[in-house]
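For the numbers below, each heavy atom of this structure counts, side chains included, while hydrogens, waters and symmetry mates do not. Note that this is a predicted model, so its numbers are computed, not measured.
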There are 2 protein chains.
Amino acid sequence: MANHDPDLSRLFHALADPTRRGILTRLAEGPAPVTALAGPTGLRLPTVMRHLAVLEEAGLIATSKDGRVRSCAVVPAAFEPVRTWLDEQRALWEGRLDRLDDYVMNLMKERSQ
Amino acid sequence: MANHDPDLSRLFHALADPTRRGILTRLAEGPAPVTALAGPTGLRLPTVMRHLAVLEEAGLIATSKDGRVRSCAVVPAAFEPVRTWLDEQRALWEGRLDRLDDYVMNLMKERSQ
DNA sequence: ATCATGGTTAGCCATACGTCTAACTATACC
DNA sequence: GGTATAGTTAGACGTATGGCTAACCATGAT
């Protein structure tokens, strides 16, 4: 029941935007400065900065400034809660289906007696 | 590079709300009518209906009406694109890290000659 | 036929989101 | 010092989101 987890909401929200996913994919190849990230998007710098802020607040990227260039890098571990939530959901369905299996099995056994 | 996929955006967006995740968790235990889903949320029916519409448009649930009651059920397969995207991202990081490994290995080999 | 129940539609409202421009700061380079 | 480069801040703007009320079907029960 990790549903009210604000982290999870922030994560999913951060991932819900194509521009942000694009940035993450780009960063998966390795760290990059802000301007390099902005280029492919066709968006203005301040807009990209906002996207980066969303990603950083979600913990999906980390940034550090060296001189006048800010380098951004993906934080793979940050994806874990998402994966975990998906796994939890799956476990719930499967639990249910197992119980349904048992139920059907019992029915069949009773019938065959 | 499945980033511009509108399905993915709709999925992530649908999952970004605690109320909607709560509904999914509830549905993972088995199908339920709208009112049963609304109860725990403390929200008004029209509000819940909107959440259900978002979930259905994302393909995460399916609904069908029998008499005057609409039954909602989770659609496990709909989660796959999310999982797939996560896996793709992971593959990218790992590819990068592998190449980095190779690079370091080569460096070390060259040094030791 | 009447009434209660379960759901639906329409519309309002405040806030959040994604985008932009314009103006500003800070660092590198000549 | 002067200029180009990289990023930042502030504010505006239209649209989307999440919530509500009120009124409206549709169906099952009496």
- Query: Does OP1 or OP2 of C/dC20 have a side-chain N or O of A/T47 closer than 4.0 Å?
  - Reply: yes

- State whether A/D87 and B/R83 are salt-bridged, where the test is any N-O pair (Lys NZ or Arg NE/NH1/NH2 against Asp/Glu carboxylate O) under 4.0 Å. yes

- Query: Shortest non-hydrogen contact from B/R21 to B/A16?
  - Reply: NH1-C, 3.5 Å

- Query: Atom CZ of B/R50 to atom P of D/dT21: distance rounded to whole Å?
  - Reply: 15 Å

- Heavy-atom closest pair, residues B/L92 and A/E29: CD2-OE2, 3.8 Å

- Please report the shortest heavy-atom distance between A/L27 and A/A32, naming the atom on each side. CD2-N, 3.7 Å

- By nearest-heavy-atom nucleotide on DNA chain C, the more 5' of A/D66 and A/R20 is A/R20

- Task: Please work out which residues in residues 51-64 of chain B have a non-hydrogen atom less than 4.0 Å from an atom of DNA chain D and list them by number.
- Result: B/H51

- Item | Single-linkage hydrophobic cluster, 4.5 Å side-chain cutoff, B/V69 and B/L55 together | no

- Between the main-chain N or O of A/A14 and the side-chain N or O of A/R20, is there a donor-acceptor pair closer than 3.5 Å? yes

- Note on the structure: For nucleotides 2-9 of chain D, 5' to 3', base contacts (B), sugar-phosphate-only contacts (S) and non-contacts (-) with protein non-hydrogen atoms under 4.0 Å give --BBSBBB

- Message: Quick check against the 3.5 Å criterion: does A/R70 have a side-chain atom that pairs as donor or acceptor with the backbone of A/V34?
- Response: no

- Interatomic distance, A/R44 CZ vs C/dA23 C1' [rounded to whole Å]: 15 Å

- For residues 6-36 of chain A, the ring-ring contact (aromatic ring centres under 6.0 Å, His included) pairs (sequence neighbours left out) are A/F12-A/W85

